[in-house]
**Q** 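Encoded as structure tokens, here's the structure I'll be asking about.
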Amino acid sequence: MENVRNCIIIDQYYCLSKGCRNETSAVSVGDISYRNIKGTYDVRSAPIHFACSDTVACTNITMSEVELLPHEGELMEDPFCWNAYGIQQTLTIPPIDCLQDGMPLAIGEAVDYSCSI
């Protein structure tokens with residue numbers, strides 16, 4: 001890749017027109033691997049963008065041997081992740097610390113936030 005605007009992207013909120021509604025459901029996205037991706041990006045947007053649905057998380061995203069450097073300017077160290085779960089198998093540039101570990105809770109599964117003394 002050379003001077004790419006959107007290098008790695010999953011966007012479950014994508015819409016071609018400005019009048020789109022924000023839907024609460026989405027297609028399940030999982031078991032995605034990004035391997036041996038090297039190149040440069042345009043610094044006007046983050047090189048890595050995972051915008052997953054609030055109700056249907058992206059799961060099992062694997063990053064390995066990803067090295068994306070700015071074409072011009074400084075390295076963006078803020079990839080975007082929303083409700084995205086996965087791992088970095090190797091050091092990734094930029095680091096993707098926003099990927100969540102494990103798996104999301106199932107929709108409607110109760111979470112006990114109570115404390116016992």
Side-chain angles (χ1 to χ4, degrees):
M1 292 189 214
E2 186 173 334
N3 200 19
V4 176
R5 183 98 186 245
N6 295 305
C7 300
I8 295 176
I9 185 168
I10 297 173
D11 191 347
Q12 289 184 301
Y13 296 96
Y14 179 77
C15 176
L16 285 174
S17 68
K18 293 184 180 185
C20 294
R21 298 181 320 184
N22 188 358
E23 298 291 338
T24 58
S25 63
V27 178
S28 177
V29 176
D31 300 324
I32 306 294
S33 294
Y34 295 97
R35 298 183 191 283
N36 298 318
I37 299 174
K38 299 186 184 335
T40 61
Y41 61 89
D42 182 321
V43 296
R44 290 179 288 175
S45 60
I48 300 169
H49 184 95
F50 296 135
C52 302
S53 167
D54 288 338
T55 56
V56 184
C58 300
T59 57
N60 295 326
I61 299 170
T62 302
M63 308 295 288
S64 178
E65 301 295 325
V66 174
E67 185 177 308
L68 299 170
L69 300 169
H71 184 72
E72 293 178 349
E74 294 186 28
L75 180 69
M76 291 182 101
E77 294 188 11
D78 293 337
F80 178 81
C81 299
W82 183 263
N83 210 18
Y85 291 78
I87 61 168
Q88 293 180 84
Q89 284 186 329
T90 63
L91 177 64
T92 299
I93 301 173
I96 308 175
D97 297 329
C98 60
L99 273 178
Q100 298 180 61
D101 291 333
M103 294 293 285
L105 293 174
I107 297 170
E109 187 174 321
V111 178
D112 184 5
Y113 291 107
S114 62
C115 296
S116 57
I117 299 177

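Because only heavy atoms are used, hydrogens play no part in the values below, and waters and symmetry mates are left out as well, while side chains stay in.
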**Q** First locate atom SG of C98, then atom CD1 of I48, and finally report the distance between them rounded to the nearest 0.5 Å.
**A**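 With rounding to 0.5 Å, SG (C98) is 8.0 Å from CD1 (I48).
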
**Q** Looking only at heavy atoms, what is the nearest atom pair of P70 and V43, with distance?
**A**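 Nearest pair, atom of P70 first, then V43: CB-CG1, 3.6 Å.
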
**Q** Say whether I37 and Y41 are linked into one hydrophobic cluster, either directly or through other cluster members, by side-chain heavy-atom distances under 4.5 angstrom.
**A** yes

**Q** Testing the basics here: between A84 and I61, what is the closest heavy-atom pair and its distance to 0.1 Å?
**A** CB-CD1, 4.1 Å

**Q** Can T62 and R35 be said to form a side chain to side chain contact (heavy atoms under 4.5 Å, CB included), step by step?
**A** CA-CA 8 Å; T62 302; R35 298 183 191 283; 3.9 Å; yes

**Q** Only one of I87, I8, I32, T90 passes side-chain contact (heavy atoms from CB on, under 4.5 Å) with M63; say which it is.
**A**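 Of I87, I8, I32, T90, side-chain contact (heavy atoms from CB on, under 4.5 Å) with M63 is met by I8 alone.
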
**Q** With a 4.5 Å cut-off on side-chain heavy-atom distances among I, L, V, M, F, W and Y, is there a chain of contacts connecting I9 to F80?
**A**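 No.
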
**Q** For Q88 and D97: C-alpha separation, side-chain torsions, deciding distance, then whether side chain to side chain contact (heavy atoms under 4.5 Å, CB included) applies.
**A** CA-CA 9 Å; Q88 293 180 84; D97 297 329; 3.7 Å; yes

**Q** Taking all atoms of both residues into account, what is the closest heavy-atom pair of D101 and G86, and its distance?
**A**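 Minimum heavy-atom contact is OD1-O, 4.1 Å.
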
**Q** Out of curiosity, F50 CZ to I96 CD1, how far, rounded to the nearest 0.5 Å?
**A**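 F50 atom CZ to I96 atom CD1 measures 5.5 Å (nearest 0.5 Å).
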
**Q** Let me confirm one number: the CD-CZ distance from E72 to R44, rounded to the nearest 0.5 Å.
**A** 10.5 Å

**Q** Grab the two heavy atoms, one from L68 and one from M1, that are nearest each other, plus how far apart they are.
**A** CD2-SD, 4.4 Å

**Q** Just to verify, which of D54, I10, D11 counts as forming a side-chain contact (heavy atoms from CB on, under 4.5 Å) with W82?
**A**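 In the set D54, I10, D11, the residue that makes a side-chain contact (heavy atoms from CB on, under 4.5 Å) with W82 is D54.
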
**Q** Going through the checks in order, is the side chain to side chain contact (heavy atoms under 4.5 Å, CB included) test met by Q89 and S33?
**A** CA-CA 10 Å; Q89 284 186 329; S33 294; over 6 Å; no

**Q** Would you give the length of the straight line joining atom OH of Y13 to atom SG of C52, rounded to the nearest 0.5 angstrom?
**A**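 Between atom OH of Y13 and atom SG of C52 there are 8.0 Å.
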
**Q** What's the separation between atom CD in E65 and atom CD1 in I93, rounded to the nearest 0.5 Å?
**A** 10.0 Å

**Q** Rounded to the nearest 0.5 Å, how far does OG1 of T40 lie from CD of E67?
**A** 11.0 Å

**Q** Minimum heavy-atom separation for P79 to P94, with atom names?
**A** CG-CG, 4.1 Å

**Q** Under the side chain to side chain contact (heavy atoms under 4.5 Å, CB included) rule, what do K38 and L69 come out as? Steps first, then yes or no, please.
**A** CA-CA 8 Å; K38 299 186 184 335; L69 300 169; over 6 Å; no

**Q** V66 and Y85: same hydrophobic cluster, using ILVMFWY side-chain contacts below 4.5 Å?
**A** no

